[in-house]
Chemist: 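Please find one structure pasted underneath; my questions will follow.
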Amino acid sequence: MSDSEELSIYIHIPFCKKKCKYCDFLSAPASDRVQEEYFHALFEEMTTHAKEYSRQVVRSVYIGGGTPSVAGPGRLCRVLETLFSHFTVAEDAEISMEVNPGTVTGEDLSAYQKAGVNRISIGLQSAHDKELTLLGRIHSYEDFLRTYRLVREAGFKNVNVDIMAALPGQKPEDYEDTLHKLLALRPIPEHISAYSLIIEEGTPFFALYGEEKEALERTGEPQKHLPSEEEERRMYELTERLLKDAGYHQYEISNYSLEGYECYHNKVYWQRGDYIGFGLGAASLIDNVRCQNHTDLQTYLKEADKVMERTPLSVKEQMAEFMFLGLRLTKGVEKQAFYRYFGVSMEEIYGQVLRDNEKMGLLENGERVALSKRGRDVSNYVMAQFL
């Protein structure tokens, strides 16, 4: 049970039509029978825990994956019915759902909207079919355009589009073209998430590019396929400049929105609000206890207690999270908020780190502590110092 009056909920749908070559998420294709078993376990988990949160008002819900839309409106609408019947959901709650191009029809989208979804996130990644094929995506750019049109025709007025930079073989001008095509949409997306590709161990991309990645990290120089650090920085600067000129503001390292369309749910993560995750491998943070659901599908289906691990966070760990998660936001972290939360000043705990990084021009250090523009270029280096 949480002491907070507010709660966010993440619902994990671990199914997709085809695993992308860069993806290390807990997701895979599955038969209809396996999906039906999974949703039965998911409904059981949601209804079992609902009474623990009877005092909380749900402010945001995020249905992610995988590709939730491959499960179809029948199952997903039942998820939403379960949510609304067992939890107290605020009338103005943000309810997001991920879809991939080519996995939804207009009828599907209308059903999702009637069931309560009010924010759609579309995984475009690139406007170039060659790059989409390289990534192992199942759609083309034309598929994206059709899906985007269907989303708008269904009446959704809060739409995010995901794109990726620093792809193998990608040049800054290629990435710039994706940005221009995205901004040519009418209406333009209310929110854009622009991430750099991370080559994760255990993925097909790691087998292809892992050695190049390690060489690039050592030297910063261009490799056979991967863009150089300088090229990746240029892509990041293109994102900042073009989206700013189009009316977006950058509120987090990789996220941009029009006024009033920041993603509430993601800000809960970065500001360490209470959230509960339902589904395979889903994570939760409740009253400074982190929980992790079972990551093996058969174990998740069979175990009554879906939680694999519960980790109470020490005060030191809470402070570290407060800093490195909060610094992802462009406004940074407020010193007074740190003092109110922990009863000690930020300087007393991190004074030397703050002074050193301010001296190097990586942190802005006033009433708030935030990454400078230069600091955002080396954000991982700065954040690691608070661990």
Side-chain angles (χ1 to χ4, degrees), residues 8-18 27 29-47 50 58-124 137-140 142-162 185-187 189-191 193 261 263-265 277-280 282:
S8 289
I9 292 177
Y10 175 79
I11 301 171
H12 187 57
I13 312 299
F15 307 120
C16 54
K17 283 193 173 182
K18 177 187 173 186
S27 61
S31 67
D32 188 73
R33 179 185 61 80
V34 170
Q35 291 191 42
E36 192 60 34
E37 289 179 8
Y38 179 80
F39 277 90
H40 178 78
L42 178 64
F43 297 143
E44 183 179 79
E45 183 187 9
M46 292 175 68
T47 54
V58 177
R59 293 291 178 186
S60 69
V61 179
Y62 196 99
I63 305 174
T67 306
S69 47
V70 304
R75 291 179 177 127
L76 292 173
C77 289
R78 281 164 54 205
V79 168
L80 290 160
E81 288 170 10
T82 302
L83 173 77
F84 281 103
S85 62
H86 288 82
F87 292 85
T88 302
V89 182
E91 288 188 11
D92 61 347
E94 174 190 275
I95 302 180
S96 302
M97 178 180 156
E98 293 177 348
V99 304
N100 276 342
T103 64
V104 286
T105 65
E107 291 78 10
D108 294 343
L109 290 161
S110 295
Y112 298 140
Q113 187 183 59
K114 289 175 184 176
V117 176
N118 53 32
R119 183 177 184 271
I120 291 288
S121 180
I122 310 174
L124 167 59
R137 305 291 290 181
I138 63 169
H139 68 271
S140 66
E142 284 300 318
D143 292 331
F144 164 78
L145 292 176
R146 282 192 291 271
T147 298
Y148 190 82
R149 175 177 54 80
L150 290 173
V151 166
R152 291 305 193 181
E153 288 176 352
F156 286 98
K157 301 184 185 305
N158 189 354
V159 179
N160 170 68
V161 177
D162 286 345
L185 295 171
R186 290 296 178 267
E190 286 74 20
H191 190 285
S193 297
Y261 289 95
C263 179
Y264 181 94
H265 189 86
F278 294 120
L280 183 70

Chemist: Is there a donor-acceptor contact under 3.5 Å from the side chain of E190 to the main chain of V159?
Modeler: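 Yes, E190 side chain to V159 backbone: donor-acceptor pair under 3.5 Å.
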Chemist: Return the minimal non-hydrogen interatomic distance between I13 and A71, and the atom names on each side.
Modeler: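 Residues I13 and A71, closest heavy atoms: CG2-CB, 4.3 Å.
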Chemist: Supply the atom-to-atom distance N100 CG to R137 CZ, rounded to the nearest 0.5 angstrom.
Modeler: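 With rounding to 0.5 Å, CG (N100) is 4.5 Å from CZ (R137).
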Chemist: Is R152 close to R186 at the side-chain level, that is, under 4.5 Å between some pair of heavy atoms?
Modeler: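 SC-SC contact between R186 and R152 ruled out.
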Chemist: So which atom in A282 and which in G277 form the shortest heavy-atom distance, rounded to 0.1 Å?
Modeler: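 Shortest heavy-atom separation between A282 and G277 comes out as CB-C, 3.4 Å.
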Chemist: Indicate yes or no: does K114 engage E107 in a salt bridge with an N to O separation below 4.0 Å.
Modeler: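 No, K114 and E107 are not salt-bridged.
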Chemist: Could you tell me the separation between the CD1 atom of I120 and the NE2 atom of H191, rounded to the nearest 0.5 Å?
Modeler: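 These two atoms lie 14.5 Å from each other.
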Chemist: Decide yes or no on side-chain contact (heavy atoms from CB on, under 4.5 Å) for C263 and R119, but give the supporting numbers first.
Modeler: CA-CA 9 Å; C263 179; R119 183 177 184 271; 3.7 Å; yes
Chemist: Would you compute the distance between atom OG of S69 and atom CD1 of I63 and round it to the nearest 0.5 angstrom?
Modeler: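 With rounding to 0.5 Å, OG (S69) is 11.0 Å from CD1 (I63).
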Chemist: Quick one: does T82's side chain get under 4.5 Å of L42's, heavy atoms only?
Modeler: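 The answer is no; the side chains never approach within 4.5 Å.
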Chemist: Between T105 and L150, is the side-chain contact (heavy atoms from CB on, under 4.5 Å) condition met? List the steps.
Modeler: CA-CA 7 Å; T105 65; L150 290 173; 5.6 Å; no
Chemist: Take H86 and M46 through the side-chain contact (heavy atoms from CB on, under 4.5 Å) test and state the conclusion after the steps.
Modeler: CA-CA 8 Å; H86 288 82; M46 292 175 68; over 6 Å; no
Chemist: Determine the minimum heavy-atom distance between H12 and G66, stating which atoms define it.
Modeler: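 Closest pair (atom of H12, atom of G66, distance): CE1-N, 4.2 Å.
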Chemist: So D108 and L76, do their side chains get closer than 4.5 Å, heavy atoms only?
Modeler: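 Sidechains of D108 and L76: no contact.
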Chemist: Working to the nearest 0.5 Å, report the span between OG of S31 and CZ of F15.
Modeler: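 It comes to 8.5 Å.
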Chemist: With a 4.5 Å heavy-atom cut-off, do I122 and V151 have their side chains touching?
Modeler: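 Yes; the side chains approach each other to less than 4.5 Å.
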Chemist: Below 4.5 Å, heavy atoms only, C-beta onward: do F278 and L83 meet side chain to side chain?
Modeler: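 In short, these two side chains do not touch, never coming nearer than 4.5 Å.
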Chemist: Between Y62 and S8, does a side-chain contact (heavy atoms from CB on, under 4.5 Å) hold up when you go through it step by step?
Modeler: CA-CA 8 Å; Y62 196 99; S8 289; over 6 Å; no
Chemist: Any side-chain heavy atom of L145 sitting closer than 4.5 Å to one from L185?
Modeler: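 Yes. Closest side-chain heavy atoms under 4.5 Å.
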Chemist: Return yes if some donor-acceptor pair links the side-chain N/O of S110 with the main-chain N/O of A154 below 3.5 Å, else return no.
Modeler: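 No, because the side chain of S110 does not come within donor-acceptor range (under 3.5 Å) of the backbone of A154.
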Chemist: Considering non-hydrogen atoms only, spot the tightest contact between P189 and V161 and give its length.
Modeler: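 Heavy-atom minimum between the residues: CG-CG2, 3.8 Å.
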Chemist: Check Y38 against G279 and note the closest heavy-atom contact, atom names and distance.
Modeler: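 Looks like OH-CA, 3.1 Å.
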Chemist: If you look at every heavy atom in S60 and Y264, which pair is closest and at what distance?
Modeler: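 Looks like CB-CD2, 3.6 Å.
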Chemist: Report yes if some heavy atom in the side chain of L124 is under 4.5 Å from a heavy atom in the side chain of Y148; otherwise report no.
Modeler: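 L124 vs Y148: side chains apart.
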Chemist: Mind checking the CD1-CG spacing from I95 to N158? Nearest 0.5 Å is all I need.
Modeler: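 With rounding to 0.5 Å, CD1 (I95) is 12.0 Å from CG (N158).
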Chemist: In Å and rounded to the nearest 0.5 Å, what is the CE to OH distance from M97 to Y112?
Modeler: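 Between atom CE of M97 and atom OH of Y112 there are 4.0 Å.
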Chemist: Is the backbone N or O of E94 less than 3.5 Å from a side-chain atom of N118, with the two atoms forming a donor-acceptor pair by type?
Modeler: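 Not a single qualifying donor-acceptor pair exists.
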Chemist: With a 4.5 Å cut-off on side-chain heavy atoms, are Y261 and N160 touching?
Modeler: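 In short, these two side chains do not touch, never coming nearer than 4.5 Å.
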